[in-house]
K.L.:
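Have a look at this one.
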Amino acid sequence: MAQQSYEPNPAVQSIRTKAVSGRRHLRHLLANTAARYYFLFSILALCFVLALVILFIGKTALLLFGQVSPVKFFLSFDWTPEEDRFGAAAFILNTLSLTALTLLISVPVSVGMAVLTAEIAPAWLKRLIRPILDLLVGIPSIVYGYLGLTVLLPLLRRASGEGLGDGLLAAALVLALMVLPTIARISDDAITAVPRKYRDAAYALGSTRLQVIMRVVLPAAGRGILTAVILGMTRAIGETMAVVMVIGNTPQLAKTLFTPASVLTSNIVMQISNVEFDSTWNYALHMMAFLLLLISFLLILIVRFLGRKRREG
Amino acid sequence: MKFFKKITFTALAAVFAVSASFAGGASAAGKLSGKITVNGSTALLPLTLQAAKEFQRTNPKVRIAASGKGSVTGPQAVKKGIADIGACDWDASTDVPGFKAFSGQVANKVAVIPFATIVNKNVGVDNLTTDQLKGIFSGKITNWKQVGGADADIVVITRAFGSGTRVNYQAKALAGGDIVKKEKNYKEVGSSGDMKTAVGTTPNAIGYIDLVYVSGDVKAVKFNGVAATTDNVINGSYKIWAYGYYMTKGQPTGAVKAFIDYVQSKKFQQGSLKKLKFIPISAMK
């Protein structure tokens, strides 16, 4: 519009430019200020909601220790809430061992995939693999759970001779498939970001491709891969719907890979709708949710810490 | 201009006359207004939603909001004043195992819900007695051989403690007997849909479910020799069924009363309720 109404008269032009620049300045000022306040408001609103979540879960959770001693809650394996016995140790240990087992299965595979896509694969294969992995991240977890229930469990039953097949192994396999694309894609980015000169230098010294990958590229991308693993871990710890369908939901310690068991998330989702609002049972479930919150908070702190170290180094 | 004014006036007058006559004529139903909140059992939710849709057609000023979570949330929501009606799969004004009675609440019967014992279709057993079921769910009977089937471990699939289906099944099919968690071959599921999938895909599995869900890969077994059918529920020979209730704080009044009356009316009970595969309450007398 401004260009169309351009006039060669210098006086008019100068006045117009001045006016336009004045308006532009005002507009900039307004937009900047408005945007700044808008963003500030957004951040504050988000912090407020987060604080509310922590406050309310924490408040309800802490009511538990008025009725059950922390020692009993954290160390007892006896979860029989209908008879007032609230021991959450089995869930905590199951959650940790499920996460560990998941990572044991998924990390080697996903880092291998990342190396393949970033270092070895030809360009057309990279263009194929990356969108597929991105797509896999977006599949709802309940779909993985249903596939686990109808496809994986019968296979496990046949392989193990168990009657049920539910347990840590089934849950870990489903979770491993779920976190695999997350870990693979972020590791892929980390490996791609390793400067080319490192590789050139290593090749110049006469290294083989395997040596370059194992001794140079992977150590250089190490922190990035660790971040990927931790992000995968937070996803595995918080995942509920897929786990609840294949783990068996029996509140007991998983002594074997095929013992029907329960983790923090699956136990909360199974019981919360059948529990009275103001009961010890309800407080205990909130405490378990609070524990999960603390665990993922801790993991995120670790990620931030690692990120800062990388920038400094 | 004058002509225009005249027309407007006439039209307005006509509108007033018509609306006045309507208000006068439909005083009984049309006057009802307000908001009814229904909370509680997911089993009764389809019934509530259908009834609400029909009720609002004749009472457009009444707004009905219904949601489902778990049976016990119904009477709890009523107690806290969050909901006007608490849908519950058991009579919450009396004690049931695990839950104390909600005092001051009135239980309004709205439907009959039949339940069935289901097994995976590979199980050869067709009939189970109360004692056999008690044995299976308490963990004393662990092999199908012991109840006349093939030599295979029984896999027990059950609902979480506090589920309305479980409360009723324990009371009616197990005669108050316990469901005991076992080290192996025992699984808890979160909903009727999960129950059906789990029993359907697990060989040698046994579970229980609302009768309307029975189809496909699961089969309903006879209970003490009686087949699980709605006819047998109505003629009194099949015992595993329960009333579904609308819990209210004291006797219902106003719009809430009108809504419950509508759900209990012959028109709804014999029509939509039957179509949803519940059994009318009048059939049980």
K.L.:
Quiz question: by atom type and distance under 3.5 Å, do the side chains of Ser138(B) and Asp178(B) form a donor-acceptor pair?
P.N.:
no

K.L.:
Non-hydrogen atoms of chain B under 4.5 Å away: do they reach the side chain of Leu153(A), the backbone, both or neither?
P.N.:
side chain

K.L.:
I need the Tyr146(A) OH to Asp194(B) CG distance, nearest 0.5 Å.
P.N.:
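Reported value, rounded in 0.5 Å steps: 9.5 Å.
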
K.L.:
Regarding Lys181(B) and the six-membered ring of Tyr186(B), is the cationic atom NZ or CZ under 6.0 Å from the ring centre and inside 45° of its axis?
P.N.:
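Geometry flag: not set, cation outside 6.0 Å or 45°.
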
K.L.:
Checking Gln271(A) against chain B: side chain, backbone, both or neither under 4.5 Å from a heavy atom?
P.N.:
neither

K.L.:
Quick one: what part of Pro251(A) sits under 4.5 Å from any heavy atom of chain B, side chain, backbone, both or neither?
P.N.:
both

K.L.:
So for Val155(B), is it side chain, backbone, both, or neither that comes closer than 4.5 Å to the heavy atoms of chain A?
P.N.:
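The answer is the side chain of Val155(B).
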
K.L.:
With only heavy atoms counted, which part of Lys182(B) is less than 4.5 Å from chain A, the side chain, the backbone, both or neither?
P.N.:
backbone

K.L.:
Going from CG on Asp210(B) to CZ on Phe278(B), what distance comes out if it is rounded to the nearest 0.5 angstrom?
P.N.:
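Result: 7.0 Å between the selected atoms.
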
K.L.:
Answer with side chain, backbone, both or neither: which region of Val269(A) has an atom nearer than 4.5 Å to a non-hydrogen atom of chain B?
P.N.:
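Neither part.
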
K.L.:
Between the side chains of Thr102(A) and Thr99(A), does any donor sit under 3.5 Å from an acceptor?
P.N.:
no

